[in-house]
Amino acid sequence: MQALRLTLRQKRRAISHSNREKFAKRLFSQIQELTTFKRGQKIAIYLPNDGEIDTKYITNFLKKQDFSVCLPILDNKILKFSKVNRHFKKNRFGIKEPISTQILNAKQMNIIFMPLVGFDKNKNRIGMGGGFYDRTLAFTKCQQNYKNPKLYGLAFDCQRVDRIKTQTWDIPLDAVITPSDIF
Ligand SMILES: Nc1nc2c(c(=O)[nH]1)N(C=O)[C@@H](CNc1ccc(C(=O)N[C@@H](CCC(=O)O)C(=O)O)cc1)CN2
Ligand SMILES: Nc1ncnc2c1ncn2[C@@H]1O[C@H](COP(=O)(O)OP(=O)(O)OP(=O)(O)O)[C@@H](O)[C@H]1O
């Protein structure tokens with residue numbers, strides 16, 4: 001698993017600047033096909049790190065439409081979420097987090113767009129290895145027919161692998177969206 005994670009991270013980082021731009025735009029078009037955003041929804045997204053697919057087109061669109069756009073905040077071993085504002089600080093991985101007194105739980109989000117290192121066609125996910133998203137979203141497994149939050153993984157097509165061997169704590173996604181496919 002660790003070796004696969006490193007290979008996929010290298011692949012992700014190796015994508016050229018011009019391809020990154022093209023893929024980020026296509027990803028945005030795909031998201032518009034998949035989702036109709038509803039007024040007042042709270043939507044969690046991420047700031048790209050380690051070569052992750054860029055979310056700027058999605059974020060700009062959502063901000064213009066006055067959605068509540070939130071980013072993850074490390075809170076010990078889980079993630080909380082805060083609305084984006086002008087004030088940021090870097091977390092221990094060097095990723096910017098909003099500075100805010102309004103801290104929300106994953107349960108309060110309507111949609112969580114999450115980064116991933118690898119995925120398969122069954123919508124299983126490999127992350128950076130911290131288990132942060134898995135721990136944060138563990139509650140979704142105990143709740144039958146839960147509606148919120150919807151979990152959408154965002155990735156380049158080259159991050160797809162044949163089959164991910166799942167662990168008991170892994171949380172399957174509702175969809176994985178790439179520049180050219182929706183799984
Ligand atoms: N953009 C983005 N934000 C995110 C995540 C993410 O995967 N991507 N996270 C998703 O969980 C959380 C942060 N988790 C992370 C876990 C590991 C590393 C990382 O770079 N690990 C290094 C070791 C760094 C160190 O130990 O200091 C590595 O593995 O090389 C980064 C983020 C919250 N925010
Ligand atoms: N619900 C949970 N409760 C306790 N520990 C957990 C839970 N989920 C994951 N972990 C721990 O987190 C560690 C990393 O898990 P894993 O390799 O699946 O992370 P990941 O999915 O790649 O990372 P992330 O979720 O941050 O993107 C595992 O060693 C596991 O023990």
Side-chain angles (χ1 to χ4, degrees), residues 1-15 20 23-24 27-28 31 42-60 62 69-85 87-100 103-109 111-120 122-143 146 149-156 159-161 163-178 183:
M1 174 67 95
Q2 200 50 26
L4 177 62
R5 190 177 265 129
L6 287 176
T7 311
L8 288 167
R9 282 179 61 182
Q10 264 162 14
K11 259 195 190 173
R12 196 169 72 168
R13 283 195 301 261
I15 295 166
R20 273 178 189 284
F23 291 146
L27 183 77
F28 173 51
I31 285 173
K42 293 190 185 72
I43 300 168
I45 198 150
Y46 62 88
L47 290 177
N49 175 54
D50 192 56
E52 289 162 349
I53 193 155
D54 205 330
T55 50
K56 64 187 173 192
Y57 297 106
I58 311 162
T59 304
N60 288 345
L62 292 174
V69 182
C70 301
L71 288 170
I73 293 184
L74 294 178
D75 181 19
N76 197 9
K77 291 191 162 182
I78 67 157
L79 301 175
K80 297 269 173 82
F81 297 88
S82 251
K83 196 173 165 183
V84 186
N85 60 38
H87 307 286
F88 290 95
K89 73 170 170 67
K90 283 192 176 173
N91 66 24
R92 68 185 140 99
F93 299 111
I95 305 171
K96 285 201 281 183
E97 297 181 348
I99 302 175
S100 165
I103 302 197
L104 305 169
N105 295 316
K107 274 189 191 178
Q108 292 169 277
M109 297 292 117
I111 299 176
I112 300 183
F113 288 114
M114 49 210 260
L116 52 82
V117 172
F119 70 96
D120 67 15
N122 297 322
K123 298 176 274 196
N124 295 309
R125 164 182 185 274
I126 307 174
M128 289 291 279
F132 294 105
Y133 278 102
D134 287 335
R135 263 186 236 101
T136 305
L137 298 168
F139 73 91
T140 62
K141 288 212 162 174
C142 330
Q143 246 170 274
Y146 88 101
K150 285 267 177 249
L151 308 178
Y152 297 137
L154 304 183
F156 296 107
Q159 290 175 260
R160 182 174 163 201
V161 298
R163 199 161 170 270
I164 290 172
K165 234 183 108 201
T166 51
Q167 313 278 355
T168 49
W169 58 78
D170 283 337
I171 307 291
L173 303 172
D174 292 301
V176 176
I177 310 161
T178 72
F183 294 88

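Just follow the structure's listing: the first ligand is 1, and inside any ligand the first atom is 1. Residue numbers run from 1 in the order of the sequence given. This structure is a prediction, so every number in the text was calculated from the model and none was measured.
- Here's the thing with Gly127: one of its N/O atoms is less than 3.5 angstrom from an N/O atom of ligand 2.
- Using a 4.0 Å heavy-atom cutoff, Arg125 is listed among the residues neighbouring ligand 2.
- Annotation for Phe81 and Leu79: closest pair CE1-O, 4.0 Å, computed over non-hydrogen atoms.
- A 4.5 Å side-chain heavy-atom check between Asn85 and Ser100 finds at least one atom pair inside the cut-off.
- A donor-acceptor pair is defined here as one N or O able to donate and one able to accept, closer than 3.5 Å; no such pair exists between the side chain of Arg125 and the backbone of Ile164.
- Taking every heavy atom of Gly130 and a limit of under 4.0 angstrom, the matching atoms of ligand 2 come to 12 (O), 14 (C), 23 (O), 26 (O).
- At a 4.0 Å cut-off, not a single heavy atom of Arg92 sits close enough to ligand 1 to count as contact.
- More than 12 non-hydrogen atoms from other residues, nucleotides or ligands lie less than 6.0 angstrom from CZ of Arg13.
- With respect to atom 29 (O) of ligand 1, the closest heavy atom belonging to the protein is Arg9 NH1, 2.9 Å.
- Proximity of Gln167 to ligand 2 is not established, as no heavy-atom distance is less than 4.0 Å.
- Atoms of ligand 1 found under 4.0 Å from any heavy atom of Leu47 (numbered from 1 in listed order, with element): 1 (N), 2 (C).
- Put simply, part of Arg5 is less than 4.0 Å from ligand 2, judged by heavy atoms.
- The shortest side-chain heavy-atom distance between Ile126 and Leu116 does not fall under the 4.5 Å cut-off.
- Not a single heavy atom of Gly129 sits closer than 4.0 Å to an atom of ligand 1.
- Every atom of ligand 1 is numbered from 1 in the order shown, and the set under 4.0 Å from a heavy atom of Phe132 is 11 (O), 14 (N).
- For ligand 2, the polar-atom distance check finds an N/O of Gly129 within less than 3.5 Å of one of the ligand's N/O atoms.
- With hydrogens and angles ignored, the 3.5 Å screen pairs no side-chain donor or acceptor of Arg135 with any backbone N or O of Trp169.
- Atoms of ligand 1 lying under 4.0 Å from any heavy atom of Glu52, numbered from 1 in the order shown and given with element: 1 (N), 2 (C), 6 (C), 7 (O), 8 (N).
- Protein heavy atom closest to atom 19 (C) of ligand 1, with residue, atom name and distance, is Met128 CE, 3.4 Å.
- Looking at Arg12 and Asp50, a side-chain N of the basic residue comes within less than 4.0 Å of a carboxylate O on the acidic one, giving a salt bridge.
- Closest to atom 3 (N) of ligand 1 among all protein heavy atoms lies Ile95 CD1, 3.6 Å.
- Among Trp169, Phe139, Phe132, the residue whose heavy atom sits closest to atom 31 (O) of ligand 2 is Trp169.
- At the top of the distance list for atom 34 (N) of ligand 1, counting protein heavy atoms only, stands Pro72 CG, 3.9 Å.
- Ring geometry for Phe156 versus Phe23: interplanar angle over 60°, hence perpendicular rather than tilted (30 to 60°).
- Scanning the protein for heavy atoms near atom 9 (N) of ligand 1, the closest one is Tyr133 CE1, 3.9 Å.
- Distances from atom 19 (O) of ligand 2 to the heavy atoms of Gly131, Pro72, Ala138, Gly153 put Gly131 nearest.
- For ligand 1 and Leu79, the ligand atoms under 4.0 Å from any heavy atom of the residue are 33 (C).
- In Arg5, neither the side chain nor the backbone holds a heavy atom less than 4.0 Å from any atom of ligand 1.
- Lys123 places no side-chain N or O within donor-acceptor distance of the main-chain N or O of Tyr152, the cut-off being under 3.5 Å.
- Scanning all protein heavy atoms for the shortest distance to atom 17 (C) of ligand 1 gives Phe93 CE2, 3.6 Å.
- Within ligand 2, the atoms closer than 4.0 Å to a non-hydrogen atom of Asp170 are 18 (O), numbered from 1 in the order shown.
- Tyr57 contributes atom OH, which lies 11.5 Å from atom CG of Leu27 (distance to the nearest 0.5 angstrom).
- Using a 4.5 Å cut-off on side-chain heavy atoms (C-beta onward), Met128 and Arg9 make contact.
- Lys107 forms a cation-pi arrangement with Phe139, by the criterion of a distance under 6.0 Å to the ring centre and an angle within 45° of the ring axis.
- Distance check on atom 23 (C) of ligand 1: every protein heavy atom falls at or beyond the 4.0 Å cut-off.
- Of the candidates Lys77, Arg135, Gln2, Arg135 brings a heavy atom nearest to atom 2 (C) of ligand 2.
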